[in-house]
Structure formats: C-alpha cells, structure tokens
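Here the structure is a predicted model, which is why all the values come from computation and not from measurement. Ligands are counted one by one from 1 in listed order, and the atoms in each one are counted from 1 as well.
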Amino acid sequence: MYNRYIPPAKDKQAPTPAQSTPASSSNPAQPYARYVPGQAPTPPVPAQPQKIVFNDADLPPIDRSKSTRELDEQLTGTAEPKKPKKLKSNRSDVVDEVLDGGAKESKSRKRKRGRADQTVVSENEMSHDKDVAPSSDLDYDNVADAHVDPTDDAIEERKPKREKKKKRKQEDNLDKEMADADSDDVRRRHKSVFEKVQKALQAKEKPEDGNEKEPEEEDEEEPVVEHGLEPLPQPEPVTFDESKLAYETLPPWLSSPIRVSPDVTRPFVELGISSESSKILESKGFKDAFAVQTAVLPLLLPSPDRQGDVVVAAPTGSGKTLSYVLPMVHDISKGRVTRLRGLIVLPTRDLVQQVQLACEACTAAFAVNGGKKVKVGTAMGNRPFKEEQSIIVGEEQKYDPQGYEQYLRKQNRLVGLEDSDDEDDSLGFERSEPLPYHVITHESKVDILICTPGRLVEHITKTPGFSLDYIRWLIVDEADKLLAQDFQQWLDTVTEKLSIGKPGARDFPASNKSGVRKVILSATMTRDLSLLNGLKLSRPKLIAVEGTKAGEQNLPPLLKEAAIKIREPSLKPLYLVDLLRSKHMAPVNQDAVDEVSVGSETSDHEASESSSADSDSESDSGSSTSSSSSSDDDDGDDGTSRVKTKPAFPMTKKPTFPTTVLIFTKSNEAALRLSRLVALLASDLAPLMGTLTSSTKTSRRARTLRAFAQGKIRILVASDLVSRGIDLTNLEHVVNYDLPISETSYVHRVGRTARAGRRGCAWTLLEHAEARRFWRDFAGEGKGAVTSIGRARSVERVRIGDGDEFAEERVQEYERALERLKAEAVGREGKR
Ligand SMILES: Nc1ncnc2c1ncn2[C@@H]1O[C@H](COP(=O)(O)OP(=O)(O)OP(=O)(O)O)[C@@H](O)[C@H]1O
C-alpha cells in the first residue's frame with residue numbers, strides 16, 4: 001500500500017528542498033511519521049539545520065523515529081531485541097504518561113518546564129500536548145509524531161522576536177493547561193484511555209485458539225510514512241477509480257460483448273453443419289454444440305453478411321477449441337489445392353498436440369460429399385528443424401531451362417558480393433541445389449499449421465517456400481498469455497506478412513468475404529487495448545459466456561472449491577498425503593473411471609525420476625529442438641513417466657486409487673521433489689503417480705498424458721506447464737499444493753477439472769502467511785476483497801490432519817523420507 005502525501009495546510013510553512021534532510025539509514029535520528037487516514041496531516045517538521053544546537057546542555061537528544069517504532073512494536077507485539085539505548089524517547093514519555101493516568105508529570109513536560117525561561121516550545125509540541133491530554137480517543141501515532149525534534153529549539157531561536165513573544169504567550173497557556181491536567185476530570189479521561197490501551201494490547205497478545213481464524217479479521221497493517229526527506233509541495237492527488245476508467249474507455253465491442261447463456265446447447269445441423277458432418281462429429285463425442293460454440297459458429301461459418309474478427313472470453317473447459325476448429329476446417333475443406341491457409345498459435349507444445357487431435361476429428365467430419373481432406377501439420381520444435389521444414393514445405397525439381405539460366409545468372413551476380421541484398425539469402429535459408437536445367441519450387445504440404453510462436457517465426461525467416469500469402473485464418477488461443485509475452489515479436493512478424501495482399505489468395509470460396517479472419521480466445525481474456533491493438537482486428541465482436549462480466553474470469557459452474565489450512569508448514573507433505581487418503585478424494589462424476597489395480601508391475605523399478613535429464617522448454621521460444629541426448633530409459637513399461645521407486649516401506653496391498661488428481665507445485669523442481677516424497681511416504685500410490693514438468697521431454701509428457709487418460713496413472717504432480725489449456729478428460733480433483741502466483745493462474749489451474757459440463761473439485765493448501773491473500777484475492781471474501789474471479793458458489797473451509805500435530809511415528813517416517821530424498825539428490829549431483 002502506498003501512502004498518499006497530503007500537502008501541508010496553507011498557513012504552514014512548506015519546506016524547501018534545501019531544508020530537507022536527506023534520507024539516510026545511517027542517520028539514527030531519522031524521523032518517522034505516521035499517516036492516519038481521515039485525520040488532518042501531521043504538520044511538516046520544521047527544517048533541520050545542519051548543526052544541532054541545544055539550549056539545555058543536560059537535555060538528552062530525542063530520537064523521534066525510535067520512539068515511533070518502539071510504540072509500534074509494543075502495540076503490535078513485533079518488538080525485536082534492540083540495542084540498549086540511552087535515550088528515552090518522547091513517545092515513551094507519552095506512553096508512560098498515559099499508563100500513569102496523567103497523575104505523574106511526564107519527563108518531557110518537566111523538561112519543558114525546566115527550560116521554559118530559556119527555550120521556546122515549538123508549535124508542534126504545543127499542539128501535541130493540547131491534543132493528548134484531553135482526548136479520550138488517543139492516537140498514538142499523532143502523539144508520537146507531535147513531539148518536536150530537539151533541533152526545533154535551535155530553529156526557534158532564529159525566529160523573529162515577535163513570533164517568540166507569541167509563542168511564549170502560548171506556552172503560558174500550556175502551563176495552565178498542564179496544571180489543569182492534574183484535575184480529577186482529566187485523570188478520569190486518562191483512565192479510559194488506559195483501558196483502551198490495555199484492551200488493544202490484550203487483543204494483540206491473544207493466542208490463536210486453534211479454530212479456523214478468518215484471515216480477513218486480521219488487523220490491517222497501518223501505513224507508515226517515512227519523513228526522512230521532507231516532501232515537496234505537490235498537487236492534490238487525483239482519485240483514481242480503476243473500474244470506472246476501464247469501462248468508460250473501452251471501445252463498445254469490448255465493453256458490450258455478445259452474451260450467451262452457459263446452458264444453451266444446439267444440434268450442429270441447426271448451426272449450418274451438414275447432417276453427414278454432424279453425424280461424424282457425434283460419433284466422435286460431439287453431439288450438440290456447447291454454449292460458446294452456438295455463439296461463435298454462426299459468426300465464423302459462411303454467411304451472406306460481412307463478418308469481422310471474433311474475440312472469445314469463455315470459461316475453461318467450455319469448448320472454445322471446437323468453436324474455431326470447426327468453421328476453419330469447414331472453410332478450408334471447400335478448396336482443392338493444398339496451401340497454407342490456417343495458422344493456429346498456442347503457447348505450449350502440449351497444447352499444439354491437443355489441438356491437432358481436435359483438428360483431425362474435424363477434418364474427418366468435413367471430408368465428405370467431395371470435401372477436401374484438410375491436411376494439418378505442427379511446428380513446435382519437438383523434432384529437428386530440417387525435419388520439420390520437410391514436413392511443412394515440399395520441394396520439387398521442375399524442368400525449366402529458362403529458370404535455370406536465371407538462377408545461374410543470379411548466383412554469378414552474388415559471387416563476390418559481401419553484403420548481399422538478396423532477401424532469401426540474407427534470411428539464412430539453406431537452399432538445395434537445382435539439377436541442371438531445373439528449378440526448385442516449393443509447395444505447402446499442409447492446409448493448417450498449429451504452432452508455437454517461436455517456431456513459427458523460425459519458419460517464416462528460415463524455411464524456403466514457407467509463405468503466409470494464402471493465410472485466411474489466424475487463431476490465437478490462450479491469447480492473453482501470447483500477447484503478454486511476445487516471443488520473438490511473433491505478432492509483428494506475422495501481422496506484417498498478413499498485411500501483404502495477394503489477389504484472390506484470401507478469398508473465402510463459400511462466401512463473399514476476403515481477408516484474414518482472426519479468432520482470439522482465452523478463459524482469461526485481456527481487456528488491455530494496447531495488447532489487443534497489436535492484433536489489428538477488423539470489426540471485432542466479443543463473445544462472452546453469460547456471467548463473464550467484463551474484466552471477470554468465471555470458473556466452470558460445476559466446480560467445487562475448498563481451502564485447507566496448513567497449521568504446521570514444515571509437515572505440509574503429510575497434509576497432502578492425508579488429503580489423498582481422505583474421503584474427499586472420491587469420484588465426483590458418476591461415470592468416473594473405476595478403481596485400477598496396477599499390481600506390482602512397477603515396484604521393481606530401480607531408478608527414481610530424473611529431474612533434469614530432458615531439456616524441453618515449457619513455452620517454446622522456437623530456438624530449441626528436441627534433445628537427442630535425452631533418454632527415455634527410465635520410462636515405464638508403457639513409456640510413461642511414472643514416479644518409479646524402490647518402495648521405501650513394504651507394500652502390503654495392490655495400489656488402488658478411487659479418483660484422479662492433478663497436483664500443482666510452484667516449479668519443476670518442486671514437482672519432482674514432491675512426487676518423490678509422496679511416493680516415499682505412500683509407496684502404494686507410487687505406481688499410480690506421474691510428473692509433468694517443462695524439464696520433461698515432450699514425447700514423455702505426451703505418454704504420461706496418454707497413460708493418465710487410460711487410467712494407468714491417477715495422480716499427476718505438475719508445474720504450471722499444464723495449467724493452461726490441457727484437457728484431461730477424466731480429471732476430477734485439482735490440488736494447489738503451492739498457491740498460484742495470480743488470479744489468472746488460479747483460474748487456469750482449477751479449470752483443468754469440471755470441464756465440458758462435468759463436476760470437479762479444487763483444493764488449495766494454505767499456509768498461514770498465504771491465507772489473507774487467498775481469501776481476499778482468489779476467494780473474494782472478507783474485508784478488501786478484490787477478486788476478479790466469478791464463481792457459482794463460495795470456497796469451503798476444510799480441515800485435514802490430526803489437528804496441530806501428527807503422530808510421532810509419522811513425523812519420524814517423514815523425516816526418514818526427507819533424508820532419503822536428500823541422499824538421492826546428493827547421489828545424482830555426484831553422478832553429474
Ligand atoms: N460440443 C461438444 N460436445 C461434447 N464435448 C465437447 C464439445 N465441445 C468440446 N467438448 C469437449 O470439452 C472439453 C473442453 O473443451 P476445450 O478444450 O475446447 O475447452 P476450452 O474452452 O478450450 O478450455 P481451456 O480454456 O481450458 O483451454 C474437451 O474435452 C472437448 O473435447
């Protein structure tokens with residue numbers, strides 16, 4: 001929180017920069033002041049001269065900052081052991097005074113009295129005394145702040161005599177007031193203040209009673225303003241109402257989306273898909289169009305109206321993929337020649353592979369009634385670049401003596417030129433040599449390319465014959481992520497290519513439209529115009545599944561969320577094991593996969609999961625190719641990346657697990673460590689576990705996902721790699737072992753379950769320090785809740801574990817597992 005600077009009142013003298021004392025940690029007399037909202041600002045501390053002159057030699061210097069801190073610590077119970085200080089601060093004086101009920105005259109006052117005829121009490125000090133004594137609503141901050149710095153005396157001496165006289169008069173009044181303060185009336189008022197102080201201290205010291213304490217009940221941390229540098233006068237701060245500003249400045253298409261109810265479904269035939277195609281879609285599990293599809297398909301399928309681009313903001317698992325794949329494949333299937341007409345850009349390789357499957361389902365559906373079987377290719381850096389080039393672009397030797405002549409002339413011309421301005425050459429293409437009297441021509445081998453942004457840019461710049469001239473569909477899925485992280489300026493590179501028109505190349509044969517259709521999608525769609533502008537959208541329309549307010553990120557309607565308090569963070573893995581073994585880990589959908597019994601097939605595996613054997617990157621930057629040095633040696637029988645372990649503790653029964661779980665950790669390393677730890681703590685679950693991290697080879701990740709889909713793996717431990725887009729059909733539970741870094745991340749993580757109209761549960765393990773942020777930012781509960789997450793029901797509180805402590809033998813077992821984990825890590829290090 002930032003503290004707002006409140007300029008001093010007009011009649012106060014504004015400090016000039018020359019007067020201000022530079023902030024310095026070495027300055028022990030650094031003054032601190034505290035901003036109290038809604039109260040008049042503390043008058044500016046008078047400028048401090050370089051040399052401090054004391055009128056009273058016996059008077060010890062007063063450290064204002066020290067006193068403020070000490071009181072803070074006393075009140076909040078956060079006092080740290082301090083070096084003994086000879087000085088007794090003004091603030092301590094005031095607290096003494098308050099605690100003594102005003103009967104005892106404070107030392108500061110004695111001092112003031114003592115020097116009344118030598119020094120002049122500053123206005124600050126006076127105002128403080130006036131404020132403190134009679135007020136029953138004592139504000140300690142003001143009390144402390146109001147104390148004058150000793151250097152004020154020196155300043156006072158320099159003031160004109162007239163002013164001093166005035167001050168002396170005020171001082172007389174002060175003495176009179178102080179005498180009054182001895183009266184019973186004031187004593188009574190001080191008593192009430194004392195009671196308040198005691199209450200406040202008791203409330204602070206009250207130990208946690210073990211019950212789930214509402215984090216929002218915790219006191220707000222009070223803002224502290226450091227006045228090491230005297231603030232310069234500033235204009236009145238402008239109040240900034242973010243929500244108002246955002247919506248008023250959004251263009252109409254963004255602020256007024258086309259809303260669709262989440263319950264709507266319609267047969268595909270009603271939306272313009274032929275009955276033959278619809279039947280094939282149904283055979284693949286797509287019977288009726290989901291809500292988002294009912295809204296998007298009419299905008300993207302051929303129609304007599306001129307249509308613009310489409311932006312889709314719909315919850316995770318709502319079926320966004322099919323909403324763009326269907327119309328794109330439908331359109332491209334009307335053509336004859338294979339040209340690169342559709343680009344789908346996605347942030348990770350796993351998503352590329354997933355969307356490829358959806359595309360293939362649709363190509364089959366439209367390869368009927370003379371429709372073209374649309375060819376789909378991928379470019380994501382999972383194989384050598386050359387190989388990928390040959391899959392995407394075909395090369396052909398064509399007999400063409402004239403062309404060959406030209407080719408030779410060009411070659412001769414280029415010989416000896418240091419800086420060739422030949423575009424192809426400067427791009428570093430590796431060209432094949434033509435046969436004599438032949439020329440080399442290139443043709444796209446795919447109609448649709450699904451790619452990661454980095455790899456796309458590599459092909460644009462390095463693959464001969466790779467052309468975007470015929471592109472008429474550009475799909476950007478998980479758009480907020482792709483726009484926020486502009487990998488290798490992919491968007492500029494692509495939009496520049498798309499701006500080059502080629503007559504007839506971008507016509508849509510089934511309608512009167514030409515150009516590039518852009519479809520931009522995300523469950524957490526950005527409203528940041530500066531990002532969206534980069535897409536150069538044409539007459540865009542925003543589709544939002546109802547309930548998705550602008551700026552809001554809605555969770556799937558059938559998602560149940562719960563938070564589990566971790567009372568002993570050092571034993572957090574035990575809470576996870578208990579959760580996995582608890583009644584909460586039950587199937588939540590009727591058709592959930594039956595319990596599998598894997599037997600001991602994997603129990604004799606020797607190797608534990610290697611944390612860094614593979615080197616694929618999470619978000620493809622495009623420059624990496626799959627690592628040939630990576631080994632799949634430690635794959636399971638079915639090639640999956642199970643957590644293989646020699647059981648640390650004897651297995652007594654066959655491994656079973658009633659449901660499916662995806663556990664998110666904060667990093668690759670954390671995922672690998674946790675899965676190994678759980679395998680050691682619950683060895684019967686080890687054969688059912690797998691890990692998904694960005695350090696795992698892509699092919700192995702794909703096998704793990706396949707094994708999960710087949711029910712062979714039931715528990716996945718993952719980094720945020722799979723938090724976006726991944727569709728694990730049978731996933732029923734998501735566990736946030738580590739709290740996600742943002743609301744957006746939370747939405748994507750928990751959105752791996754409760755997809756496509758199914759039920760799902762999300763569990764978040766909460767350490768004490770995280771509770772406040774979770775309830776306020778993610779759950780949207782309590783004081784200052786600011787969440788943008790929309791949900792059908794509120795987050796539940798669930799208790800796991802045996803109270804504050806686990807049985808001693810479990811703790812010992814855990815310690816043994818940790819020791820073993822450590823030994824394994826050391827052993828691995830040693831091998832490297
Ligand atoms: N019309 C449909 N009928 C049946 N299932 C469908 C239909 N449309 C999509 N699905 C299924 O719904 C699931 C979720 O779809 P999809 O992956 O497209 O969601 P999404 O909105 O892209 O989610 P995310 O934002 O997490 O990427 C998939 O398993 C998909 O096969």
- Note on the structure: among protein heavy atoms, the one nearest atom 4 (C) of ligand 1 is G285 O, 3.3 Å
- Can you pull out the closest protein heavy atom to atom 10 (N) of ligand 1? Residue, atom name and distance to 0.1 Å, please. F290 CE1, 3.5 Å
- With heavy atoms only and a cut-off of under 4.0 Å, state how K320 meets ligand 1: side chain, backbone, both or neither. both
- Item | Ion pair R724/D480, N-O distance below 4.0 Å | yes
- Query: When you measure from atom 26 (O) of ligand 1 to every protein heavy atom, which one gives the shortest distance, and what is it?
  - Reply: R755 NH1, 2.7 Å
- With a 4.0 Å cut-off, would you call E781 and R776 a salt bridge? no
- Query: Charged N to carboxylate O below 4.0 Å: is that the case for R793 and E561?
  - Reply: no
- Which of the ligand 1 atoms, numbered from 1, are nearer than 4.0 Å to a heavy atom of F268: 1 (N)
- Message: Over 60° means perpendicular and under 30° means parallel, so tell me whether H584 and W763 are parallel, tilted or perpendicular.
- Response: tilted
- Message: Any nitrogen or oxygen of G319 lying under 3.5 Å from a nitrogen or oxygen in ligand 1? Just yes or no.
- Response: yes
- Query: Does R339 make a cation-pi contact with Y470 (under 6.0 Å, within 45 degrees of the axis)?
  - Reply: yes
- Check D727 against ligand 1 and report side chain, backbone, both or neither, counting heavy atoms closer than 4.0 Å. side chain
- Item | Cationic N near anionic O, under 4.0 Å, D727 to R752 | no
- Query: Under 4.5 Å between any side-chain heavy atoms of I543 and V311, yes or no?
  - Reply: no
- Task: For atom 27 (O) of ligand 1, grab the closest protein heavy atom and report residue, atom and distance to one decimal in Å.
- Result: G725 CA, 3.3 Å
- Note on the structure: The answer for which part of Y324 has a heavy atom under 4.0 Å from ligand 1 is neither
- Residue K372 excluded, over 12 heavy atoms near NZ under 6.0 Å: yes
- Using side-chain contact (heavy atoms from CB on, under 4.5 Å) as the criterion, point out the one residue from T321, I450, T378, V374 that pairs with C359. I450
- Query: Which atoms of ligand 1 sit under 4.0 Å from any heavy atom of E478?
  - Reply: 27 (O)
- Query: Looking only at protein heavy atoms, which one is nearest to atom 8 (N) of ligand 1, and how far off is it?
  - Reply: Q293 NE2, 2.8 Å
- Task: Answer with side chain, backbone, both or neither: which part of H748 has a heavy atom less than 4.0 angstrom from an atom of ligand 1?
- Result: neither
- Query: What residue and heavy atom of the protein are closest to atom 23 (O) of ligand 1, and at what distance?
  - Reply: G317 N, 2.8 Å
- Query: What do we get for R724 next to ligand 1 when only non-hydrogen atoms under 4.0 Å count, side chain, backbone, both or neither?
  - Reply: neither
- Query: Side chain, backbone, both or neither: which part of S522 has a heavy atom under 4.0 Å from ligand 1?
  - Reply: neither
- Query: Nearest protein heavy-atom contact for atom 12 (O) of ligand 1: which residue, which atom, what distance?
  - Reply: A756 CB, 3.2 Å
- Considering only NZ, NE, NH1 and NH2 on the basic side and carboxylate oxygens on the acidic side, decide whether R701 and D350 come within less than 4.0 Å. yes
- Task: Would you mind running through ligand 1 and noting each atom that sits below 4.0 Å from a heavy atom of R752?
- Result: 26 (O)
- Query: Under 4.0 angstrom from ligand 1, any heavy atom of G751?
  - Reply: no
- Message: Within the 4.0 Å heavy-atom shell around T321, which atoms of ligand 1 are there?
- Response: 16 (P), 17 (O), 18 (O), 22 (O)
- Message: Closer than 4.0 Å to some heavy atom of P315 - which atoms of ligand 1 meet that?
- Response: 21 (O)
- Query: For S538 and D309, what are the C-alpha separation, side-chain angles and deciding distance, and is it a side-chain hydrogen bond (donor to acceptor under 3.5 Å, both in side chains)?
  - Reply: CA-CA 6 Å; S538 155; D309 296 329; 4.6 Å; no
- Could you tell me whether the side chains of S277 and S274 share a donor-acceptor contact shorter than 3.5 Å? yes
- Item | Contact partition for D288 relative to ligand 1, non-hydrogen atoms under 4.0 Å | backbone
- Query: Within a radius of less than 6.0 Å around NZ of K445, do more than 12 heavy atoms belonging to other residues, nucleotides or ligands occur?
  - Reply: yes
- Message: What protein heavy atom lies closest to atom 31 (O) of ligand 1? Include the residue and the distance to one decimal.
- Response: F286 CE2, 3.4 Å
